[in-house]
Amino acid sequence: MTLSANLAAGLYIVSAVLFILALRGLSSPETSRRGNLFGMIGMAIAIVTTLLVIGVGGKSAALIGGGLALGGIAGAIIARKIPMTDMPQLVAAFHSLVGLAAVLVAVAAFYSPDAFGIMQDGIIKGYSLLELSLGAAIGAITFTGSVIAFAKLNGNMSGSPILLPGRHILNLALALGVAVLIGMLMKSGGTDPRLMWGIIILTLILGVTLIIPIGGADMPVVVSMLNSYSGWAAAALGFTLGNLALIITGALVGSSGAILSYIMCKGMNRGFLSVILGGFGADAAAAASGDREERPVKRGSAEDAAFIMKNASKVIIVPGYGLAVAQAQHATREMADALKEEGVDVAYAIHPVAGRMPGHMNVLLAEANVPYDEVFELEDINSEFANADVAFVIGANDVTNPAAKTDPSSPIAGMPILDVDKASTVLFVKRSLSPGYAGIDNDLFYADNTMMLLSDAKKMVEEIIKSL
C-alpha cells in the first residue's frame, strides 16, 4: 500500500500541527503531559506516513520494524531507569545520537544518490550537495559536542573551562576549512568522496574544540544549543530526502532550541554568540576557580531550622541541584505541608537555570505533586524575598550568589539571581561549603543572616520534619 502525494502532504501537516501543539503544551508543567502525548502521536503519524509513501515491504520492512522495536525498547528501559539527576546527561547523549544519525543519512545519500533522486547528468545536484554537506557538518558538530557535554555533566571530564591555546584561531581555521571543502564538493559534483569525509572529520574536531572551553555554569545553554543544532541538521537533510515532516520538525526543534538558548543566556547574563562560538570570556571563569579564602560561617541544626520556620509568617523555598542529587523533592513537599498546617505561608522560587537543564526544578516539584500555584519564576517572586521571614535554599548555589550584583569581576557578574539575601533569615542546605558549578565561592554562606545546614538535603529535610 502506498499513499498519494496529496494525502501524504496532508498527514505530514497534521503531524506538524501536533508537534507545534506539543511544544505549546511543554511550556507549562500543567499541560506537559498533554504536550508529550501530542508529540508522540505526531511522530507516529510521521513515521507511518513515510513508510507508506516509500512502500516498504519484505526484508526492508522487517529491518525497519526490528530497528524501531529495538530503539523503542532501549529508549523505554533507559527512560525508566535514569534518575532525574542524570536527565541532562541523557538529553546530551540523545542529541549525540541525532547528530550521528544525520551524518549517516548524509553519507548514505552521498553514496547512493540514485536512490534519493538527487542525480542529474551523472553527477549529484549542486544544491543537494550543499544540503548534504550542511546536514553532515551540523550533525558531526552535534555528535562530538554532545559527547563532550555528556562527559562534563557526568563528571567524566572537568566542568571547568579547558582552554586550548589559540582556540579561537583554531575554530576559525576549522570553520573556513569546512566552507572551502563544501565549495570544492559542490564544484566536483560529488565525484570525490574524500571531500565529504574531510568535511565530516573537520566538523567532528570542531564540535570538540567548540564545547571543551565552555564551563559547567554554561552547560545548560550548551545542551539547549546542541538541541538546536540537531534540529537544523535534520531540516537540512529533510530537503535532500524530500520529506516535509523532517523539514518542519527540524525547523521547529532548531528554532525553539535557539530561542531557548537565547532566553537562558539572557537569564545568565551571558552573550549568546560568545557561548555558541566556544566560550569567549571563559578565561575569567577559569581564573575565578582558584584558591578560596576560608571564612567563618554560622552553622545550625535541623532543630534550629524547624524552630525558625515554625515561627515564621512566610517561607520561600528555593530548590537547586542539591535537591535533585539527594532526591529530596518529596520530603521538601512534606515539610512544606507541615509548615502550612502551622499557618505558615509557603511558596517555591525557581531560577530559569536552576539545576542542569531548563525546567529541571519544575519537573522535580511536579513529580512530588507540589501545587502549581505555589511555584513561581524568578521575575514573579523576587520582590517577595524582602517580605519573607525565611528563605530556605536547598543546593541552589550560583543562582543565589550575591556576587552577581556586587562583584563586577565575577564570572557571573550581571546574572539575574534570586534575592534570597533580602529575607530576614536564610537557611542554606548544602553538603559542604564547596563552590557551585560556576567554580566560585558564594558570599551568601558568610552573610550575617545566613545559617548553614551542612548535610545531605534529604536527610536534613527529614530531620526538620521530625522536629516540626
Side-chain angles (χ1 to χ4, degrees), residues 19 22-23 26 35-36 39-40 43 71-72 74-79 81-107 134-157 159 200 203-238 246-265 272 275-279 353 355-360 363:
F19 290 143
L23 285 175
L26 292 171
N36 266 322
M40 288 188 287
M43 184 56 69
I77 293 173
I78 292 170
K81 288 190 173 183
I82 289 292
M84 267 305 300
T85 47
D86 292 341
M87 198 56 66
Q89 294 96 300
L90 179 64
V91 172
F94 282 166
H95 288 167
S96 73
L97 296 179
V98 175
L100 182 60
V103 173
L104 294 176
V105 170
V107 170
L134 287 177
I138 299 171
I141 291 173
T142 304
F143 173 66
T144 50
S146 297
V147 170
I148 297 298
F150 171 87
K152 281 177 173 275
L153 288 167
N154 203 47
N156 304 111
M157 180 180 292
I200 293 171
T203 46
L204 286 172
I205 298 170
L206 185 58
V208 175
T209 59
L210 278 174
I211 306 303
I212 272 186
I214 301 176
D218 291 328
M219 207 45 62
V221 181
V222 172
V223 172
S224 176
M225 177 189 70
L226 291 170
N227 176 50
S228 178
Y229 285 178
S230 67
W232 296 125
L237 292 174
L246 196 56
I247 295 170
I248 295 173
T249 306
L252 282 173
V253 173
S255 57
S256 61
I259 292 169
L260 180 58
S261 299
Y262 174 77
I263 291 172
M264 291 174 67
C265 283
F272 180 63
V275 173
I276 67 172
L277 291 178
V353 293
R356 296 285 178 86
M357 64 185 295
H360 201 172
V363 173

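Keep in mind that what you see is a predicted model, and the values were worked out from it rather than measured.
Contact annotation: the side chain of V222 approaches that of I211 to within less than 4.5 Å [non-hydrogen atoms, C-beta and beyond]. When side chains are defined from C-beta on, I200 counts as touching V103, because their heavy atoms get closer than 4.5 Å.
Taking the side-chain hydrogen bond (donor to acceptor under 3.5 Å, both in side chains) definition, one finds that S146 meets it with nothing, sequence neighbours left out. Every residue meeting the side-chain contact (heavy atoms from CB on, under 4.5 Å) condition with L90, not counting sequence neighbours, appears here in chain and number order: I78, I82, M87, F94. Looking at residues two or more places apart in sequence or on another chain, you find a side-chain contact (heavy atoms from CB on, under 4.5 Å) between M43 and F19, I47. By the side-chain contact (heavy atoms from CB on, under 4.5 Å) test, A234 is found to be paired with L246, residues two or more places apart in sequence or in another chain being considered. Contacts of A93 classified as side-chain contact (heavy atoms from CB on, under 4.5 Å), with partners at least two apart in sequence or in another chain: F150. With sequence neighbours excluded, the residues that form a side-chain hydrogen bond (donor to acceptor under 3.5 Å, both in side chains) with N156 are N154. For S224, the side-chain hydrogen bond (donor to acceptor under 3.5 Å, both in side chains) test picks out S261, with sequence neighbours left out.
Separating the OG1 atom in T144 from the CG atom in L204 is a distance of 5.0 Å, to the nearest 0.5 Å. Here the CZ-CD1 distance, from F143 to I148, works out to 10.0 Å after rounding to the nearest 0.5 Å. One distance of note links CD1 of I138 with OH of Y229; it measures 9.0 Å at 0.5 Å rounding.
In terms of heavy-atom proximity, S230 sits nearest to T142 at N-OG1, 3.7 Å. V147 and S96 make their closest contact through CG2-CB, 4.2 Å (heavy atoms, listed as atom of the first residue, atom of the second, distance). Between H95 and N227, the closest heavy-atom pair is CE1-CB, 3.2 Å. Of all heavy-atom pairs spanning A136 and A106, the tightest one is CB-CB, 3.7 Å.
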Review item, side-chain donor-acceptor pairs of residues 250-257, under 3.5 Å, at least two apart:
| unit_1 | atom_1 | unit_2 | atom_2 | d |
| --- | --- | --- | --- | --- |
| S255 | OG | A251 | O | 2.7 |
| S255 | OG | L252 | O | 3.3 |
| S256 | OG | L252 | O | 2.7 |
| S256 | OG | V253 | O | 3.3 |

